[in-house]
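Down below is the structure, laid out as C-alpha cells.
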Amino acid sequence: MPELPEVETIVRALGPHLVGRRIKRVTLRQPRILIGDVTGARGFSITGVQRWGKHIVLDLRRRASTAHLLIHLGMTGQLLLDGEPGPHTHAFFYLDGGRLLLYNDIRQFGRMELTRELPVRLRRLGPDPFQVTEAEFVALFRARSSMAKPLLLNQLFLRGLGNIYADEALFRARIHPRTISARVRPAKAAALYRAIIKVLTEAIEDGGSSISDYVSSDGSLGYFQFRHQVYQRTGSPCPVCSAAIRRIVVASRGTHFCPRCQR
DNA sequence: ATCGGTACCTGCACGC
DNA sequence: TGCGTGCAGGTACCGA
C-alpha cells in the first residue's frame, strides 16, 4: 500500500508509539530470507521514526552507538502494532512495555535492513517532493528527456511517488503520460509540480483523518478516502470533460489518463 | 540515458 | 466447483 502519503501516514501514526521504546527481541519467520536479517536490532532503543521517500526509517541507539532500521513495504507490506500475527507475518519486534510490532507482507516484495548509516543507495535518491522548490523541479524535469510517467516513478528523479499519484498528478496538470519531459513548457512543468504537491497533501490529509480514530496504528488502511480521478477508473467519464478514461501501458505500468484533457 | 521485458510473490476478479 | 488468465500500489536487473 505504499506510496509517499501512505508511508507518511504510517510514520506519523506509529512514531509516538515507538519513540522511546526498546527492542527486546526480534524474530523472523523461518525459512524466510526474503527480508534482511534485522535480528541485530535487539537491545536498541528507538529514538525517531522518519520517512525517506517510501522507506520507513527507525533511528536506533544503544549506549554510544546509533543505527537505522530501514523498512520498505514493497507492494503489500504493513506494520501492525499489537495486532494478531497471521500467515503473512514475517517479522516480530518485541518491545518493552509489552508491545509488539509485526511486519506483514503478502507478496513479500518488502525489504528490511539494519545499517549504521543511511546507505548511499538511499542518499542518492532524488529530492523529496516537499523539499524541492517549484523552480528546482521545473529545471530538473526539463533537463531530462524521459516520458513523463516513468520519470515521475523514477525514485532517482523524485522520491516518493508511485503509480497512483503519478497518474493523478499528470491528470491534474493535463499532461499526457508519454510526453517527453524536456518538451514540456516551463509553465506546464510548474503546474505539474503544484499538482504533485496538491495530490500528495490531500492524500496525507485523508490518511491522517482516517487514521485518527484508531488506537492501534497500522498500515491496513488501504487507500484512505482519497478519491482517484483517473486511477483505475478506465471507461468512466473524466470528471472534467466526461470523455472516457483510458488505460494504456507505459514502461510496463498500467497508466490511466483522459485522452481529451491530457495531450 | 532511456525503455521494455523479466523476475520476485500471493491473492483476487474474471470468463468459461 | 474448478481452472486459466490477467491484474495489482514496489524495485532490480538485463539487453537493446
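Sequence lines set the chain letters: A, B, ... in the order given, protein chains first and strands last, and positions in each chain run from 1. Just so it is clear, the model here is predicted, and its values are computed rather than measured.
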Open item on the list: What's the gap between B/dA1 and C/dG10 when it is taken at their P atoms, as a whole Å value?
Closed with: 23 Å

Open item on the list: Using whole Å, what does the distance between atom P of nucleotide C/dT11 and atom CZ of A/R124 come to?
Closed with: 16 Å

Task: Under-4.0 Å side-chain N/O to phosphate OP1/OP2 contact, A/Y231 with C/dG9 - done: yes

- [ ] Taking A/E8 for its side chain and A/K54 for its backbone only, find out whether a donor-acceptor pair lies under 3.5 Å.
- [x] no

TODO: Decide yes or no for A/F137 and A/P127: does some side-chain heavy atom of the first lie under 4.5 Å from some side-chain heavy atom of the second?
DONE: no

Open item on the list: Need one value for A/S252: base, sugar-phosphate or nothing, where a base atom within 4.0 Å counts as base even if backbone is also close, heavy atoms only.
Closed with: base

Open item on the list: The side chain of A/P150 is closest to which nucleotide in this list: B/dC3, C/dA8, C/dT11?
Closed with: B/dC3

- [ ] Please determine, for the side chain of A/N163, which listed nucleotide (C/dG9, B/dT2, C/dA12) has the closest atom?
- [x] C/dG9

Open item on the list: When you measure from the side-chain N and O atoms of A/Q155 to the phosphate of C/dT11, is any distance below 4.0 Å, counting only OP1 and OP2?
Closed with: yes

- [ ] May I ask you to test the A/L60-A/I46 pair for a side-chain heavy-atom distance under 4.5 Å?
- [x] yes

TODO: Take the protein atom CG of A/D167 and the nucleotide atom C1' of C/dG10, then report the distance between them rounded to whole Å.
DONE: 15 Å

- [ ] Send over the distance from A/K149 NZ to C/dG9 C1', rounded to a whole Å.
- [x] 11 Å

- [ ] Check whether the side chain of A/R144 and the base of B/dA1 form a donor-acceptor pair under 3.5 Å.
- [x] no

Task: A/Q229 (side chain) donor-acceptor with A/R172 (main chain) under 3.5 angstrom - done: no

Task: Nearest-Å distance for atom pair CD/P, residues A/E113 and C/dA12 - done: 11 Å

Open item on the list: As a test of reading the structure: which of B/dC9, C/dA8, B/dG4 is closest to the side chain of A/A251, going by heavy atoms?
Closed with: B/dG4

Task: 4.5 Å side-chain heavy-atom contact, A/L158 and A/I196 - done: yes

Open item on the list: Please check this pair: side chain of A/K24 against backbone of A/G43, looking for a donor-acceptor N/O pair closer than 3.5 Å.
Closed with: no

Open item on the list: Using the P atom as the point on both nucleotides, what is the distance between B/dT6 and C/dT5, in whole Å?
Closed with: 15 Å

TODO: Would you indicate which nucleotide in C/dA8, B/dG11, C/dT11 comes nearest to any side-chain atom of A/I106?
DONE: B/dG11

Task: pair A/L4-A/P129: side-chain heavy atoms closer than 4.5 Å - done: yes

Task: Candidate nucleotides B/dC9, C/dA12, B/dT2, ranked by approach to the side chain of A/S146 - the nearest - done: B/dT2

- [ ] Please step through side chain to side chain donor-acceptor pair (under 3.5 Å) for the pair A/D167 and A/H256, ending with a clear verdict.
- [x] CA-CA 6 Å; A/D167 280 3; A/H256 312 78; 2.9 Å; yes

Open item on the list: For a quick test of reading the model: is some side-chain N or O of A/K54 closer than 4.0 Å to OP1 or OP2 of C/dT11?
Closed with: yes

- [ ] Find the distance A/L4:CG to C/dG10:P and express it as a whole number of Å.
- [x] 11 Å

Open item on the list: Can you measure A/R111 atom CZ to C/dG10 atom C1' for me and round it to whole angstrom units?
Closed with: 10 Å

- [ ] Answer yes or no: is there a side-chain heavy-atom contact under 4.5 Å between A/R144 and A/N154?
- [x] yes

TODO: Check every strand shown and say whether A/R253 touches a base, only sugar-phosphate, or nothing at a heavy-atom separation below 4.0 Å.
DONE: base

TODO: To the nearest Å, give me how far apart CE (A/M147) and C1' (B/dG4) are.
DONE: 9 Å

Task: Face-to-face contact A/F109 to C/dT11 six-ring, under 5.5 Å, under 30° - done: no

Open item on the list: When you measure from the side-chain N and O atoms of A/R159 to the phosphate of C/dT11, is any distance below 4.0 Å, counting only OP1 and OP2?
Closed with: no

Open item on the list: Whole angstroms only, please: what is the CG-P distance between A/L125 and C/dA12?
Closed with: 8 Å

Open item on the list: Below the 4.0 Å mark, does C/dA8 have OP1 or OP2 next to a side-chain nitrogen or oxygen of A/T76?
Closed with: no

Open item on the list: What's the closest nucleotide to the side chain of A/H88 if the choices are C/dA8, C/dG10, B/dG11?
Closed with: B/dG11

Task: Bracket notation of DNA chain C in which parentheses pair within the strand, [ ] cross earlier pairs, and | pairs with another strand (Watson-Crick or G-U, under 3.5 Å) - done: .|||||||.|||||||

